[in-house]
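Naming: A, B, ... by sequence-line order, numbering from 1 per chain. These numbers come from the heavy atoms of this one structure, side chains and all, not from hydrogens, waters or symmetry mates.
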Amino acid sequence: MAQATSMLEKTYDPKQFESEIYQKNISNFYPNNENNKCFSILMPPPNVTGSLHLGHALTYTIQDILIRYYRQNRFNTLWQPGIDHAGIATQMVVEKDLIANGINPKELSREEFIEKTWEWKNQSGDKIFEQQKALGCSAPWELSRFTMDENFSKSVIEAFVVLYKNGLIYKAKRLVNWDNKFQTAISDLEIQNKEENGILWHIKYQLENSNEFITIATTRPETMFGDTAIAVHPDDERYKYLVGKVARIPYTDRLIPIIADGYIDMEKGTGCLKVTPAHDINDFAIGKRHNLEMISILDKYGNMVPGYTPKFLEGLYLKKARKLLLEKLKEDQLLVKEEEITHTLPYGDRSGTVIEPMLTDQWFVDAKRLADAAIKAVEEGKVRFYPEKWKNTYFEWMKNIEPWCISRQIIWGHQIPAWYGPNGEIFVEKSEQEAIEAAKKADIAGDQLTRETDVLDTWFSSGLWPFATLGWPEQTKMSQMFYPTTTLVTGFDIIFFWVARMMMMSMYFMNEIPFKDIYVHALVRDEKGQKMSKSKGNVMDPLSLMEEFGADALRFTLAFLSVPGRDIKFGKEHVKISRNFITKIWNAARFLQSKGVPFENNISSIILTSDLNKWIITKLKKFQIEIDQNIKEYRFDYATRNIQFFIRDIFCDFFVEAIKIIDNAETKAIAGAVFAEFLRIANPFIPFITDYLANVLGIAETLIFSSSDNVLKLELYENAESEVDKLISIIHSLRSEKQITEELKNQIDDLSGELKKIAESII
RNA sequence: GGUCAUAUAGCUCAGAGGUAGAGCACUACGUUGACAUCGUAGGGGUCACAGGUUCGAUCCCUGUUGUGACCACCA
C-alpha cells in the first residue's frame, strides 16, 4: 500500500487523474477458447483520408464499451478493424496533393497514379489508428484490413464475377447521375439535393408550316437541342388540337412532334413540356414510352457537343451556353417570360457541382433482386434495429430500391474485371488469363482484348466487409467463429449506403445475415443543435478534448448523451462535468488508500456481519444487474447514469462517509473490495483511470479480463438494505430540518447500534 | 407531397397510468479525516395546445401547432 501511495502522488497531481499516458499494451484479440461464446463487431472502416471527429469518437466509444464488456465476461471477441479506400474522396485528395507538389495528375498514367496513391496511403493511412488508440479503442489492430489489399481485392473480384455470371450485374446504357467535375457516374445516394432560387424561362417554338408558336417552360434552355418532342396532357383543351403537329427547335432544322402523355401536369409551367430524354430522368421515361430518339448534347465535361448544337454554342460549357442562348432568344423575341421559382437541384456530395443526368454505358447491380432476402431477414426478426424505428427507414428504401450504378470513371478503386473483344464482346472473369481463355473459345485472340477501365463504387467493396474481412471466399476459422457478427454499431446516415448493401451482399453470398443487432446511434451536433461542419467552423476536435479533459471524460460524456432516438447536442461543458466525475473517483481512491483500506480481497469471501456492509453489497449487486441489463439493451445513457449514481450517491455520499465513523476491519475490507468491483464494472466505459487505479492499488494488472462472476454470486440483503435506506432518509430529514424532532429521535432510537452511531454523528 | 421522430425546470436531458426527476445555472451555508474539479440545504415546472379513454392522464388514443430528420418530385 505504501508503495501505491507513492505512485499516486509521485506521478500525478494528487487531486486529479491525468489520463493521457496510461495505455495498456495488451493484444486485444481475445479468443480464449474456454467456451464457444462469441461476440463480434465490425468496426465501420473509416476512410483512408479520414481523421477522427466526434461522430467517430461516439461510434468507437460505444463499440469499445461493448467489446470490453463482453471480453471481460469471457466471450471470444473480435472487433474487426480496417480502412476503406474511399475511391473518389481519396483520388481527390491525392490529386490535390500532387498538384501542390507541382505534378499534373492528368499527365500520369493509370499505373503511375495508382502508385502515387499507394505512396500517399502508406504515409498517411494509419493516422486514424493512432487516434483510435488514444480514445482507448481496444481492437486487435494486427488484424486490420484495407479494402484495396490483395486478399480483399480478390474477394471483391470474386463477388463481381459471381454476380455477373448469375445475371445480377449487367451493363447498360442508361441515364445516370453524372459529375462534371470528376467526370464519373455516381449513385443516387451520393447526391445531395439543395433548394435554390431559379428561373423558369418560357420559350416559343414555331410550329412548322404555320405562324403559330408553342411555348414551353424550362429551367435548362440549353438542353433544347436535345429535345425530341414536346408533350402536352391528352385532356388539355388548350393544346389538344396541336397533338400530331410538329415544331421546330429554334436555330436548328430539327422538327419534333407534339405528343400527348398523361405524365404532363397541366398546372405546371405552360402545360407544355419539352422532352429531352438524354438529359432528364422523367423525359427519359416519356421517351421510352413514345419511342423517341435520345440525343446527348453534352460531353463528359458538360460542354456542348457539335452536331445537334448550333454553331454559336458549340464547345461551350453548359452555363455559358445557357447565358448566350438566352440573350439570343431574347433578341429574337422567342423568350417570352422569365418566372422566378424555387427548385431543388442535385449536387454531388463530394464535388459540390450540379449533377447532370447523362446517357452513358454503366455497370449496374440488380438491387431489386438482392433486396428481397435482405428485407425478409429484418421482417422475420433475424436482424433487429435498435431503436426499432429505423427499420421503417430501411424498409422504405429497400422496397423501392433502384438499380445500383456501380461503375465509376476514376482510377483509384477495384478495376472491373471485364475484357472487351473487338466487336464489343464482354468477358467477365477473375483474371486476365481466364478472360483470354474464355475469349479463345469465342475465337478471339487474347491480344485483341482490352480491359474495362472503370472501377467499382467504394460501397460495393464495403458491402462485402462482414465476410470479406474474415477471408471469404475461403472458409476460415475466423468466419466460423465470428460470422454472423453480433452487433453493428453505426449512424443512421449510412443505413442505405452501407447497412443495406451489407445486408444484400451477405444474404446473397453467405446465405446468412451479417449481424444480429444493428444499434443506430445519434448524430453529434454542436451545442445549438447544428450539424458540425468545417464550413460553419463549429467542429470540435476529439483529440484536443481528450488532451484537455482526458479520454475517459470524453468517452463517458458520449455514452451519457447517447439517448436513443435523439441527436446529441454536444458541448464542452458536458466533458468538463464528466472530468469532474472522473476526479471524484480518483479522490475516493485516494481517501480509501489513506485509510489503509485493503483492495485485494475477493468480495465473495468476506464474512458480513453488519447491516451497513450488507447494504453496500446489495447495492453493488443491483448495480451490476442494472449494468448488465442496460448493456444488453444498448442503453449506454442509463449505464453511465448507473455508474454515476453508484459511486457518487451510494458509495461516496453515504458509505465512505460512514467509514469515517465505523472503521472496523470488516467495513474496510468491504470498502476496498466494493471499490475494486466498481472499477471493474466501470472499466469498459472509462478504461484509463480504472485500469490505472486497479494497477497501482494492487487489484489487478489490468481489469480487461476480469469478469462479473463474483458480484453475481453475492446475496441480496433486502432487510439490511431497507434499514440503511431508512437511516439515509433520517439523515436527510435531520439536515433539512436543522433540529431534532421527537419523531426523528424515536426513529433514531429504533436503529441498530452501528447505524445509530452514524445517525448520532450527524446530530 | 410521403414517412419517421420530437415537444417536461432558465439550459441540456431522464422519467412512470396515481406526491414531477438529474446535471448545469441560480440562492444560502460550509474548507470539522478524499474531493471547492467538492459537500449540505434551498428556490424554480398548467409536463406545447385541444378533445377522448379512465375513478384518475404529463404518460394511452385522436387532432392541432411548433421543431427536426429522411425519401420522392418540381416544366
Note to self: Is the positively charged end of A:Lys389 above the ring of A:Phe492, judged by distance under 6.0 angstrom from the centroid and angle within 45° of the axis?
What the structure shows: no
Distance-only donor-acceptor test (3.5 Å): side chain A:Lys389, base B:C4:
no
Just checking A:Thr219: base, sugar-phosphate only, or nothing, at a heavy-atom cut-off of under 4.0 Å?
-> sugar-phosphate
As its Watson-Crick or G-U partner within any shown strand, both distances under 3.5 Å, B:G1 has B:C71
When rounded to whole Å, the CD1 to C1' distance for the pair A:Ile731 and B:A41 reads 15 Å
Check: Are A:Arg501 and A:Trp404 in a cation-pi contact, defined as NZ or CZ under 6.0 Å from the six-membered ring centre and within 45° of the axis?
Finding: yes
In whole angstroms, the gap separating P of B:A69 from CH2 of A:Trp397 amounts to 21 Å
Parallel, tilted or perpendicular: which fits the ring planes of A:Tyr394 and A:Phe385, with parallel below 30° and perpendicular above 60°? tilted
Would you say A:Asn664 and A:Thr667 are linked by a side-chain donor-acceptor pair, where the criterion is simply a distance under 3.5 Å?
yes
**Prompt:** Reckon A:Tyr638 has a side-chain N or O less than 4.0 Å from the OP1 or OP2 of B:G15?
**Reply:** yes
Across the strands shown, which category fits A:His574 at heavy-atom distances under 4.0 angstrom: base, sugar-phosphate, nothing?
sugar-phosphate
B:C35 phosphate, OP1 or OP2: any side-chain N/O from A:Arg579 under 4.0 angstrom?
no
A:Tyr263 OH to B:A75 C1', in whole Å, measures 8 Å
Sorted by position of nearest nucleotide on RNA chain B, 5' first, the leading residue of A:Asp567 and A:Ile281 is A:Asp567
Any N or O donor-acceptor pair under 3.5 Å from the base of B:A75 to the side chain of A:Glu267? no
Taken to the nearest whole Å, CG/A:Asp265 to P/B:A72 is 20 Å
Name the nucleic acid region contacted by A:Glu657, choosing base, sugar-phosphate or nothing; use a 4.0 angstrom heavy-atom cut-off, strictly under. base
Handout entry: A:Glu547 side chain to A:Ser544 side chain, donor-acceptor N/O pair below 3.5 angstrom
Key = no
Pair A:Asp725 + A:Lys619: basic N to acidic O under 4.0 Å = yes
Inset, instruction - Check every strand shown and say whether A:Ile216 touches a base, only sugar-phosphate, or nothing at a heavy-atom separation below 4.0 Å. - result: nothing
Atom CD1 of A:Ile647 and atom C1' of B:C35 are separated, to the nearest Å, by 12 Å
Would you indicate, yes or no, if B:A41 has its OP1 or OP2 atom less than 4.0 angstrom from a side-chain nitrogen or oxygen of A:His732?
-> yes
- prompt: For A:Arg641, which contact category applies under a 4.0 Å heavy-atom criterion: base, sugar-phosphate, or nothing?
  reply: sugar-phosphate
### Donor/acceptor link under 3.5 angstrom from A:Lys660 side chain onto base of B:A34
yes
Of B:G33, B:G23, B:C38, the nucleotide closest to the side chain of A:Asn580 is B:C38
message = I want to check one thing: is the phosphate of B:A14, taken as OP1 and OP2, less than 4.0 Å away from some side-chain N or O of A:Arg566?
response = yes
Atom CZ of A:Arg635 and atom C1' of B:G15 are separated, to the nearest Å, by 10 Å
(message) Please classify the nucleic acid contact of A:Leu273 as base, sugar-phosphate, or nothing, using heavy-atom distances under 4.0 Å.
(response) base
Per atom distances to the A:Lys268 side chain, the nearest of B:A75, B:A69, B:C13 is B:A75
On a whole-Å scale, what distance lies between the P atoms belonging to B:C47 and B:U19?
13 Å
Of A:Gln192 and A:Arg220, the one whose nearest nucleotide on RNA chain B sits closer to the 5' end is A:Gln192
Check your understanding: Is A:Lys569 near enough to B:C13 that one of its side-chain N or O atoms lies under 4.0 angstrom from OP1 or OP2?
Key -> yes
Side-chain N or O of A:Asn400 versus OP1/OP2 of B:C71: is the shortest distance under 4.0 Å? no
Exercise for review: Examine A:Arg641 relative to A:Phe560 and say whether NZ or CZ is less than 6.0 Å from the centre of the six-membered ring and inside a 45° cone about the ring axis.
Suggested key: yes
Base, sugar-phosphate, or nothing for A:Phe570, non-hydrogen atoms under 4.0 angstrom? nothing
Its glycosidic angle compared against 90° from 0, B:U46 adopts the form syn
